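Indexing begins at 1, ligand by ligand and atom by atom, following the structure's order. Small disclaimer: the values here were computed from a predicted structure and weren't measured.
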Amino acid sequence: MTKIVMATNNANKLREAREIFSELDIEILSLKDINVECDPDENGQTFKGNAGIKAKAIYNAIAEKSGVNMAVFADDSGLCVDALDGRPGVHSARYAPKGQECAKLLGEMKDVPADKRTARFVCSIVFIDEKGMSLEASGACEGSIGYEEKGTNGFGYDPVFMVGDRTMAEMSADEKNAISHRGAALRELYRVLKERYGE
Ligand code: IMP
C-alpha cells in the first residue's frame, strides 16, 4: 500500500481525505503518525505559494529525519470576499483573533448591499511525490456573506458564509464536505493520483 503524508493533524481534514482516497490503495498518514513536527512561516502571496511552502517543508523534514523521501501534500485555504477586493484571502487565518473573524467581517460588510456580498472559499493543495516532482490541485466554493452569525458547526467563517439559504455552520460535516473548497481540491488530487497509483 502506498503511504502519503498529509501535512496536518486536523481530524476533520484527515477524515475527509481518507474518505475520498479510500478506494485507492493509498494510506493517508498525519504528521502525528510519522512523528514529525513542522510549522513553517506561511508567508506566500498566494494559496498555492503557501501550500507549496508547507509541502516542501514536510518533504524535507521527513527526508532529514528518516533518510527516505515520501510523497506528501499540504493544503492552504481562505475566504475571498468580492466587496473587499478578495480580502481576507491568504490572510484569512490572521484577519482577526480566533473567534472574532465573523464579527469583524460583518462589521466591514455592514453597508454592502445583498447583490454585492458574493464570496468564495478557495483551497489549493500542493502534492510532492517520492521523487520530488510537485503538482497542484485546487477547488472553490461559491457563496455569499450573510448579515448575522448562524449555526454552531464548523469553524472560522462558517457562521457567516452562506450557500443557498444556509450558512456552512448550519450544515453537517458530510453536507459541507460534499460542496466545500477543500473537498473539491481533494477530489481533483484524487483523480490525478488515481491515474498514477490506481489499478
Ligand atoms: P487553513 O488553510 O485550513 O489553515 O485555513 C486558513 C483560514 O481560512 C482558517 O483559519 C479559516 O479562518 C479560513 N478557512 C479555511 N477554510 C475554511 C472553512 O472551511 N470554513 C471556515 N473558515 C475557513
With a 4.0 Å cut-off on N to O distance, would you call Asp75 and Lys54 a salt bridge?
no
Checking side chain to side chain contact (heavy atoms under 4.5 Å, CB included) for the pair Ser138/Lys48: CA distance, chi angles, key distance, verdict?
CA-CA 8 Å; Ser138 61; Lys48 182 181 174 183; over 6 Å; no
Contacts for ligand 1, heavy atom under 4.0 Å, by chain and number, are Lys13, Asp76, Ser77, Gly78, Ser92, Ala93, Phe121, Phe155, Gly156, Tyr157, Asp158, Lys176, His181, Arg182
Could you label the plane-to-plane angle of the His181 and Phe121 rings as parallel, tilted or perpendicular, counting under 30° as parallel and over 60° as perpendicular?
parallel
Can you check whether Lys3 reaches Met70 side chain to side chain, under 4.5 Å on heavy atoms?
yes
Between Glu19 and Arg15, is there a side-chain N and carboxylate O pair less than 4.0 Å apart?
yes
For Ile145 and Tyr157, run side chain to side chain contact (heavy atoms under 4.5 Å, CB included): C-alpha distance rounded to whole Å, both residues' side-chain angles, the deciding distance at 0.1 Å, then the answer.
CA-CA 9 Å; Ile145 306 302; Tyr157 302 90; over 6 Å; no
